[in-house]
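The first residue in the sequence is number 1, and the count goes up from there.
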Amino acid sequence: MAGPGKRAGIFAIRDVGSLVTETHETGTELKRAVSATQLTAMGVGAIIGTGIFVVIGEGSAIAGPAVILSFVLAAVACAFSALSYAELSSSIPVSGSAYTYAYATLGELVAWIIGWDLILEYGVSVAAIAVGWGGNLNAFLDAAFGVALPDAIATSPEDGGVFNLPAVLVVLAITFLLVRGVTESARVNLIMVVVKLAVLIFFIVVAFANFSTGNFTPFAPAGVDGVTAAAAIIFFAYIGFDAVSTGSEEARNPAKDLPLAIIGSLLICTVFYVLTVTGAIGIATPEQMSGSDAPLATALDEGAGLNWAAAILALGAVVAITSVVLVIFYGQTRIFFAMCRDGLMPRRLATVNQRYGTPARLTIILGLLISVLAALVPLGTIVELVNIGTLFAFVLVNIGVIVLRRTRPDMPRPYRVPWSPLLPIIGIVFAVYLMADLPLDTWIRFIGWLALGIVIYAVYGYRHSRLRQSSDAVPASRPDEPRPDGDGGKP
């Protein structure tokens, strides 16, 4: 522990008990109002979006019909990390997700790095997803009514427009909803999840009604390498289940509800994904889907001859992406909120609005910044940056489970990862394997982003951290050492 006149080091960790106690501080306490069903819907809402409506085409171009196995492999890769998220979220029911878990296990500097990484993963991806929302809105208007918004107000300057108005409007609308309250946001998300699952069920039913096995030969033209290469891309379709853990502090019963929501949402989406891709291959060839920006609509149009169904799929894509924007933006605000409350970002932004029970000021500021970004930025290579940021978080969360099992073996764990540390280690291996398959320029951008974060931490975060202003720092300890708070390692 940092003694009088001695500053805590950059690798000092936060005591789990103090992290939980801080959630009840006046002015920064969030409302516990989200049910297990709503949490699960948040996971499904974050996962099923652009991925399922786009990456089926990209994956099938690489793996052929064996893209079905690629979806399963990507799900398995996520499952190990999902188990680790479930353990830590139930044990440390505090906003911040991987950032908070790293602070309690690996130290402040690592926590800052992962928090800064999550700002990239969540914040920037909201802008990119909003841009995709605008494109899908235009596709729906064209398919349903034969009209489309002018390029000048529907695309970024790099794509020939002036600014992307639809992307701005959806970000501002979601900002307003998140300010109003987490209960209202969860209810709206639940409605959107029901709609987009209904659209996928529609596709699955139509596809299996027109199913043919002819497109499944040859099944794996690129062999095992094709399956694994496609899985690295399809992984993007599963990103989002980790966003459930950002709602730890607002869950009614975090010990029970969070593990159920994290694992349940991943399982639900995997079932829908496998049925959807199987149905798609059953009515369209990989070549037909890989040449389209809307492979599911193309499968119905060219494969099954149902061009009227394109409008329904386009509507489903708009609703699906709206839900993703909502949940990912929610996760971004809660991670930023946790960093502000810890002093690594301006603490005044962690103030909770007493009327709405949300960090309203912080949400509005982030909403305005992201809307500007959405107006001007093209989609570009953001998918790869989001992938590497997510996989990096997965690595640290799995490490966190292993470390906390050793340093706090007697801490209450409502959910425990079975066969630890074997399963967390497998989760690390899967994440590193998928990261290694990403392009070099993605790594360069990612490292550059982290380097900028280190500079900001050195200039601001280190000096303003709560660990510099209190005796809350806890040095790493062996399982047999007494805890600095004198509890001998017991909760």
Side-chain angles (χ1 to χ4, degrees), residues 14 19-20 22-25 27-35 38-39 41-43 45-46 85 88-90 92-104 111-112 114-126 171 174-186 188-189 239-252 254 257-258 261-262 265 323-353 356-367 369-370 389-390 393 397:
R14 293 292 306 277
L19 285 170
V20 176
E22 285 172 9
T23 65
H24 302 294
E25 290 179 341
T28 61
E29 184 175 6
L30 299 171
K31 293 168 59 178
R32 290 201 177 275
V34 185
S35 67
Q38 292 170 329
L39 283 170
M42 285 174 58
Y85 269 99
L88 292 182
S89 64
S90 64
I92 313 174
V94 179
S95 287
S97 187
Y99 157 76
T100 299
Y101 309 150
Y103 217 155
W112 167 267
I114 191 59
W116 186 248
D117 163 55
L118 291 173
I119 289 175
L120 174 71
E121 177 193 341
Y122 284 80
V124 180
S125 65
V126 169
V171 171
I174 295 300
T175 300
F176 172 78
L177 182 60
L178 288 174
V179 168
R180 288 286 299 176
V182 66
T183 303
E184 293 81 357
S185 301
V188 171
N189 177 68
I239 289 177
F241 71 84
D242 53 315
V244 176
S245 64
T246 64
S248 297
E249 204 168 316
E250 291 158 288
R252 292 176 185 170
D257 295 348
L258 286 165
I262 292 171
S265 61
S323 180
V324 175
V325 174
L326 171 61
V327 179
I328 299 300
F329 189 17
Y330 165 80
Q332 162 66 3
T333 61
R334 273 31 181 192
I335 292 168
F336 215 105
F337 171 81
M339 297 178 73
C340 291
R341 188 166 58 189
D342 290 335
L344 300 182
M345 294 286 191
R347 289 183 65 176
R348 61 183 177 274
L349 295 181
T351 302
V352 172
N353 184 282
Y356 301 124
T358 62
R361 182 190 305 172
L362 171 63
T363 303
I364 292 171
I365 291 173
L366 289 175
L369 290 174
I370 292 173
T390 303
V397 168

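- Heavy atoms only, all atoms of each residue included: Ser95 and Glu249 are closest at N-OE1, 2.9 Å.
- For the atom pair CD1 of Ile335 and CD1 of Ile119, the computed distance is 8.5 Å after rounding to the nearest 0.5 Å.
- The line from CD of Glu184 to CG of Leu177 is 7.5 Å long, rounded to the nearest 0.5 Å.
- Annotation for Asn189 and Val327: closest pair OD1-CG2, 3.4 Å, computed over non-hydrogen atoms.
- Here the OG1 atom belonging to Thr351 is positioned 9.5 Å from the CG atom belonging to Leu362, to the nearest 0.5 angstrom.
- Legend: residues meeting ring pair (Phe, Tyr, Trp, His ring centres under 6.0 Å) with Tyr122, ordered by chain and number and at least two apart, are absent.
- Interatomic distance, Ser90 OG to Ile262 CD1, rounded to the nearest 0.5 Å: 8.0 Å.
- Tyr103 pairs by the ring pair (Phe, Tyr, Trp, His ring centres under 6.0 Å) definition with Tyr99, not counting sequence neighbours.
- In this structure, Leu30 and Pro359 have side chains that are in contact, with non-hydrogen atoms separated by less than 4.5 Å.
- In this structure, the side chains of Val244 and Ser89 stay at 4.5 Å or more apart for every pair of heavy atoms.
- Considering only heavy atoms from C-beta on, Leu326 comes within 4.5 Å of Leu178 through its side chain.
- Between the side chain of Gln38 and the main chain of Ser35, a donor-acceptor pair closer than 3.5 Å is present.
- When side chains are defined from C-beta on, Arg334 counts as touching Thr358, because their heavy atoms get closer than 4.5 Å.
- Contact of the Tyr330 side chain with the Val182 side chain is registered, since non-hydrogen atoms from C-beta on lie closer than 4.5 Å.
- The minimum heavy-atom distance linking Ala393 with Tyr85 is given by the pair CB-OH, 3.8 Å.
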Next item on the list: Applying side-chain contact (heavy atoms from CB on, under 4.5 Å), run through Val94 and Arg341 and close with a yes or a no.
Entry: CA-CA 11 Å; Val94 179; Arg341 188 166 58 189; 3.6 Å; yes
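- Rounding to the nearest 0.5 angstrom, the gap separating the OG1 atom in Thr175 from the CG atom in Leu366 is 8.5 Å.
- In this structure, CE in Met345 is found 3.5 Å from CH2 in Trp112, a value given to the nearest 0.5 Å.
- When all heavy atoms of Ile365 and Leu349 are compared, the closest pair comes out as CD1-CD2, 3.7 Å.
- In this structure, Gly357 and Val352 approach most closely via the heavy-atom pair C-CG1, 3.5 Å.
- Residues Leu39 and Ala261 approach most closely at CB-CB, 3.5 Å, considering heavy atoms.
- Using a 4.5 Å cut-off on side-chain heavy atoms (C-beta onward), Gln332 and Ile328 make no contact.
- Residues Tyr101 and Ser245 are in side-chain contact: their nearest non-hydrogen atoms beyond the backbone lie under 4.5 Å apart.
- Counting only distance, with no hydrogens or angles, the side chain of Asp257 and the backbone of Arg252 share no donor-acceptor pair below 3.5 Å.
- Proximity of Ile92 to Arg14: side-chain heavy atoms (C-beta onward) are nowhere separated by under 4.5 Å.
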